[in-house]
Amino acid sequence: MNVLVIGANGKIARHLVEELKETDHHVTALIRKEEQSEELKSLGADETLVRDLEGDISDAFAGKDAAVFAAGSGGHTGPDKTTIIDLWGSRKSVEASKAHGVKRFIQVSSMNTDEPENGPEKMRHYFIAKRVADDYLEESGLDYTIVRPGVLTNDDPSGTVQLKQKLNEKGEIPRADVAKVIAASLDTPGTIRKKFDLISGDQEIIAALNEL
């Protein structure tokens, strides 16, 4: 499968590129700066494309079978940048996927998007942007998967998780484990047209995904 990773220089995406190098997938890393290219290739990207998510990115989707939207402005940016990247960037990626026949689309979202008004006040704009982006993807007709991790850490991966369409508890998860879940989701048909919360747990990733 030809996979486009959007926001490939982000922390989760870098782990994802490393995960996918062990598979038969051909990975194109979409990055903002040419100087990021060499390192992404060293992590496992087969090729890189330099595009600004705030500009025209449509041509990057030509010839791809799947797209992973892992871009984000971060929870500490202001509403304007969050809207441009997390919401509008996602929407543009969805539209570009439809225009170029890319059916499979995996999006990194966040827990708390179900009820963004109940999140911390300083993060509400972030949860709202993610929620609107998720809703748009769900209505797009694409074969989507929406991954909603809890609090992200840089801990070493455990390879075990807890995931359900709705978790009633909060928790943390290493970014590397989120990447493992995304990589596994690409090859797990049961994740198509599903969204799920994700935190660390004691279940093997494939087993957890197969229970969706």
Side-chain angles (χ1 to χ4, degrees), residues 3-20 25 27-32 40 43 53 57 64 66-77 81-94 96-97 102 104-114 116 119 123 125-138 140 142-154 157 161-165 167 171-188 191-200 205 208-209 212:
V3 181
L4 178 68
V5 179
I6 305 154
N9 197 51
K11 293 179 181 178
I12 291 175
R14 288 161 63 90
H15 286 296
L16 176 61
V17 169
E18 288 189 283
E19 287 291 324
L20 293 178
H25 298 306
V27 178
T28 300
L30 192 70
I31 52 179
R32 260 185 79 227
L40 265 296
L43 291 173
L53 197 57
I57 59 170
K64 305 302 185 296
V68 178
F69 189 84
S73 63
H76 301 294
T77 55
K81 184 64 72 171
T82 299
T83 299
I84 291 171
I85 300 300
D86 297 77
L87 172 52
W88 199 246
S90 170
R91 179 170 174 150
K92 287 198 299 184
S93 297
V94 167
S97 293
V102 182
R104 191 73 172 100
F105 197 104
I106 298 180
Q107 180 151 284
V108 181
S109 184
S110 174
M111 291 181 71
N112 296 318
T113 56
D114 282 343
M123 293 283 288
H125 65 281
Y126 173 77
F127 295 135
I128 290 169
K130 289 292 189 186
R131 170 60 184 271
V132 176
D134 291 350
D135 288 349
Y136 191 80
L137 174 56
E138 286 187 79
S140 68
L142 298 178
D143 291 338
Y144 68 84
T145 302
I146 297 171
V147 182
R148 305 191 302 190
V151 177
L152 298 168
T153 75
N154 292 319
V161 299
Q162 181 180 359
L163 64 85
K164 290 184 179 179
Q165 292 189 42
L167 288 173
E172 299 181 342
I173 185 165
R175 289 176 170 87
D177 276 329
V178 178
K180 288 179 180 294
V181 169
I182 296 168
S185 294
L186 278 169
D187 297 313
T188 306
T191 64
I192 291 175
R193 297 182 181 271
K194 298 286 179 61
K195 60 182 177 181
F196 53 84
D197 294 343
L198 173 67
I199 58 176
S200 292
I205 289 171
L209 290 174
L212 283 173

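These values consider heavy atoms only, across backbone and side chains, with no hydrogens, waters or symmetry-generated copies.
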Interatomic distance, Leu20 atom CG to Leu43 atom CG [nearest 0.5 angstrom]: 11.5 Å
Less than 4.5 Å apart, any side-chain heavy atom of His15 and any of Asp177? no
So, does Arg148 use its side chain to make a donor-acceptor pair with the main chain of Gln165 at under 3.5 Å? yes
I would like to know whether Val151 and Ile173 meet side chain to side chain contact (heavy atoms under 4.5 Å, CB included); could you show each step before the answer? CA-CA 6 Å; Val151 177; Ile173 185 165; over 6 Å; no
Ignoring hydrogens, what is the shortest heavy-atom contact between Asp86 and Phe69? Give both atom names and the distance. O-CE2, 4.3 Å
Taking side chain as C-beta onward, heavy atoms only, is Ser90 less than 4.5 Å from Tyr136? no
Please lay out, stage by stage, how Arg91 and Ser140 fare under the test side-chain hydrogen bond (donor to acceptor under 3.5 Å, both in side chains). CA-CA 10 Å; Arg91 179 170 174 150; Ser140 68; over 6 Å; no
Using atom types as modelled and distance alone, determine if a side-chain donor or acceptor of Lys92 lies under 3.5 Å from a backbone N or O of Ile57. no
If you measure from OG1 on Thr82 to NZ on Lys130, what distance do you get to the nearest 0.5 Å? 9.0 Å
Tell me, do Arg104 and Leu142 make a side-chain contact under 4.5 Å, heavy atoms counted? no
Indicate the atoms forming the closest heavy-atom contact of Asp197 with Leu167, along with that distance. OD2-N, 3.0 Å
For Arg131 and Thr113, indicate whether the former's side chain and the latter's backbone hold a donor-acceptor pair under 3.5 Å. yes
Please report the C-alpha distance between Thr188 and Thr145 in whole Å, then the side-chain angles of each, then the deciding distance to 0.1 Å, and finally whether the side chain to side chain contact (heavy atoms under 4.5 Å, CB included) criterion is met. CA-CA 10 Å; Thr188 306; Thr145 302; over 6 Å; no
Side-chain touch Leu163/Leu212, heavy atoms, less than 4.5 angstrom: yes
For Ala67 and Val102, the nearest pair of non-hydrogen atoms, with its separation, is N-CG1, 3.9 Å
Looking at every heavy atom in both Val147 and Ile106, which two are closest together, and how far apart are they? CG2-CG2, 4.2 Å
Heavy-atom side-chain contact between Ile146 and Glu138 under 4.5 Å: yes
What heavy-atom pair brings Glu172 and Thr153 nearest, and what distance separates the two atoms? OE1-CG2, 3.6 Å
So, do Phe196 and Leu209 sit near enough that their side-chain heavy atoms are less than 4.5 Å apart? yes
Rounded to the nearest 0.5 Å, the CD1 atom of Ile85 sits from the CG atom of Leu53 at a distance of 4.5 Å
Above 12 or not: heavy atoms from other molecules or residues under 6.0 Å from NZ of Lys11? no
Working for side chain to side chain contact (heavy atoms under 4.5 Å, CB included), residues Ile199 and Met111: CA-CA 9 Å; Ile199 58 176; Met111 291 181 71; 3.7 Å; yes
Measuring only between side-chain heavy atoms, which start at C-beta, is Ser109 closer than 4.5 Å to Lys195? no
Would you mind reporting whether Ile192 and Tyr144 have side-chain heavy atoms less than 4.5 Å apart? no
Looking at Leu137 and Gln107, what are the two nearest heavy atoms and their distance? CD2-CB, 3.7 Å
